[in-house]
Amino acid sequence: MRTRIQALSLRGKLMAGIVVCLLLPSVVSFFVSNWFTQGVMKEQVTRNSQESLKIVDQYVANQLDRMLYILNLLQFDPDLHLFVAELGQMDTVRQPYEIVQTKLKLKPWYRETSDLAHYQTRWVGGEPNYVPNPDGVRHPYVLTIAKPIRSGDQLRAVAVVSLDAAALQKLFSSSKKEETLLITDREGRIVFDKEMERIGTLFPFHDRLPSEGQASLIEVDGEANLLIAEALNPHWQLVSMSPYKQASKPIQAIRRIDLKMSRSG
């Protein structure tokens with residue numbers, strides 16, 4: 001290469017220098033512009049995904065707040081507290097709450113909840129649906145939280161509140177087909193997922209989750225995926241993972257239209 005340059009005439013060298021001087025700024029500008037555009041696009045894609053996730057987050061958080069409200073009523077309302085205390089001493093053979101007793105009392109988390117302080121709540125997560133349904137149609141899972149009901153140091157009962165997950169299933173299923181939308185606990189265990197067989201398993205990318213308000217790009221099967229999370233409460237978080245290429249398509253289309261309009265103008 002160096003020999004070829006040396007073989008050029010003075011005029012040829014001048015022409016080559018002019019061409020390089022003309023092309024180099026364009027090439028540099030292209031790569032800088034492309035790098036800047038990719039950064040702006042990632043920021044926009046992240047913002048759009050976060051706004052969509054916050055809508056789901058608000059709905060789920062409201063449902064969880066209602067569950068916690070009911071649980072606190074059972075603990076602190078004097079009339080309900082008395083009822084719960086009496087319920088714990090009823091005949092388990094003939095009473096209608098027998099199903100709850102027999103299907104939940106042997107669970108490890110039930111015994112662990114009994115050992116909690118009276119102000120603590122156990123966020124159990126997804127549990128097989130134990131509530132009988134007259135029409136026979138019910139979601140296989142319920143979201144469950146529990147807390148001990150005590151009088152002084154004496155345990156009176158363990159209050160359990162569960163949410164039928166049918167509404168959540170419908171909401172999560174309305175997300176894009178290629179999007180993974182789920183709820184995890186602090187250890188990365190999947191509390192709820194529209195793919196029900198994954199409930200109770202570990203989310204494989206838990207250690208890659210970004211802090212709230214941020215986003216991570218991770219590679220899954222050779223494809224870049226956008227990973228974001230929103231806290232529902234100190235115990236659970238809402239997680240979204242979607243192919244970056246799919247998420248950026250609407251923005252790329254808008255940018256192409258803007259580019260065409262600017263050129264025609």
Side-chain angles (χ1 to χ4, degrees), residues 30-64 123-127 139-141 143 163 165-259:
F30 171 79
F31 283 106
V32 171
S33 176
N34 186 60
W35 175 82
F36 180 74
T37 299
Q38 290 300 322
V40 172
M41 184 176 295
K42 180 187 175 184
E43 184 179 340
Q44 185 63 52
V45 170
T46 300
R47 188 181 301 114
N48 291 349
S49 299
Q50 287 172 333
E51 289 175 357
S52 297
L53 191 63
K54 282 181 179 179
I55 296 174
V56 180
D57 179 278
Q58 289 175 357
Y59 175 82
V60 178
N62 285 339
Q63 296 299 315
L64 298 181
W123 293 79
V124 180
E127 282 288 302
H139 193 276
Y141 287 91
L143 286 184
L163 172 70
L168 291 184
Q169 179 71 22
K170 184 176 180 180
L171 177 65
F172 279 39
S173 296
S174 66
S175 62
K176 297 176 182 177
K177 183 179 180 181
E178 64 274 5
E179 180 183 12
T180 297
L181 186 62
L182 47 87
I183 301 173
T184 68
D185 62 16
R186 286 179 294 188
E187 287 72 42
R189 184 173 60 99
I190 296 176
V191 173
F192 186 78
D193 191 323
K194 62 182 180 183
E195 304 294 337
M196 290 178 290
E197 64 274 9
R198 294 198 292 222
I199 294 177
T201 65
L202 290 176
F203 179 53
F205 307 106
H206 175 69
D207 59 340
R208 307 281 296 277
L209 286 176
S211 56
E212 191 166 0
Q214 302 297 317
S216 294
L217 277 179
I218 63 172
E219 188 172 311
V220 181
D221 298 329
E223 184 176 10
N225 279 258
L226 185 70
L227 187 62
I228 57 177
E230 287 282 340
L232 291 166
N233 54 43
H235 309 276
W236 293 349
Q237 61 184 340
L238 191 62
V239 176
S240 170
M241 186 175 75
S242 56
Y244 181 78
K245 185 177 180 180
Q246 295 291 331
S248 63
K249 274 185 177 181
I251 299 175
Q252 289 177 331
I254 293 173
R255 291 186 66 86
R256 282 195 295 269
I257 294 173
D258 289 343
L259 183 60

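Throughout, residue positions are numbered sequentially from 1 according to the sequence presented.
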Side chain [X], main chain [Y], donor-acceptor under 3.5 Å:
X    : Y    : value
Q169 : K194 : yes
S174 : L171 : yes
D193 : M196 : no

If you measure from [atom1] on [X] to [atom2] on [Y], what distance do you get to the nearest 0.5 Å?
X    : Y    : atom1 : atom2 : result
E179 : L226 : CD    : CG    : 9.5 Å
E187 : T184 : CD    : OG1   : 9.5 Å
T180 : R198 : OG1   : CZ    : 5.0 Å
E51  : I55  : CD    : CD1   : 8.0 Å
Q237 : L182 : CD    : CG    : 9.0 Å
W236 : L143 : CH2   : CG    : 5.0 Å

Q.
Would V60 and E230 count as a side-chain contact (heavy atoms from CB on, under 4.5 Å) here? Give the steps.
A. CA-CA 11 Å; V60 178; E230 287 282 340; over 6 Å; no

Is any side-chain heavy atom of [X] less than 4.5 Å from a side-chain heavy atom of [Y]?
X    : Y    : result
L53  : L181 : yes
R208 : S216 : no
W123 : V191 : no

Q | Which atom of I228 lies closest to which atom of Q50, heavy atoms considered | A | CD1-N, 3.7 Å

Q | Considering all heavy atoms, the nearest H206-R186 contact | A | NE2-O, 3.2 Å

Q: Using the side-chain contact (heavy atoms from CB on, under 4.5 Å) rule, take F205 and N225 through it: C-alpha gap first, then chi angles, then the decisive distance, then the call.
A: CA-CA 11 Å; F205 307 106; N225 279 258; over 6 Å; no

Q: Assess whether side-chain contact (heavy atoms from CB on, under 4.5 Å) is satisfied between F203 and V239, documenting all intermediate values.
A: CA-CA 10 Å; F203 179 53; V239 176; 4.0 Å; yes

Q) So which of I199, T201, L202 actually passes side-chain contact (heavy atoms from CB on, under 4.5 Å) with R189? A) L202

**Q.** Trace of the side-chain contact (heavy atoms from CB on, under 4.5 Å) decision for L168 with Y141
**A.** CA-CA 10 Å; L168 291 184; Y141 287 91; over 6 Å; no

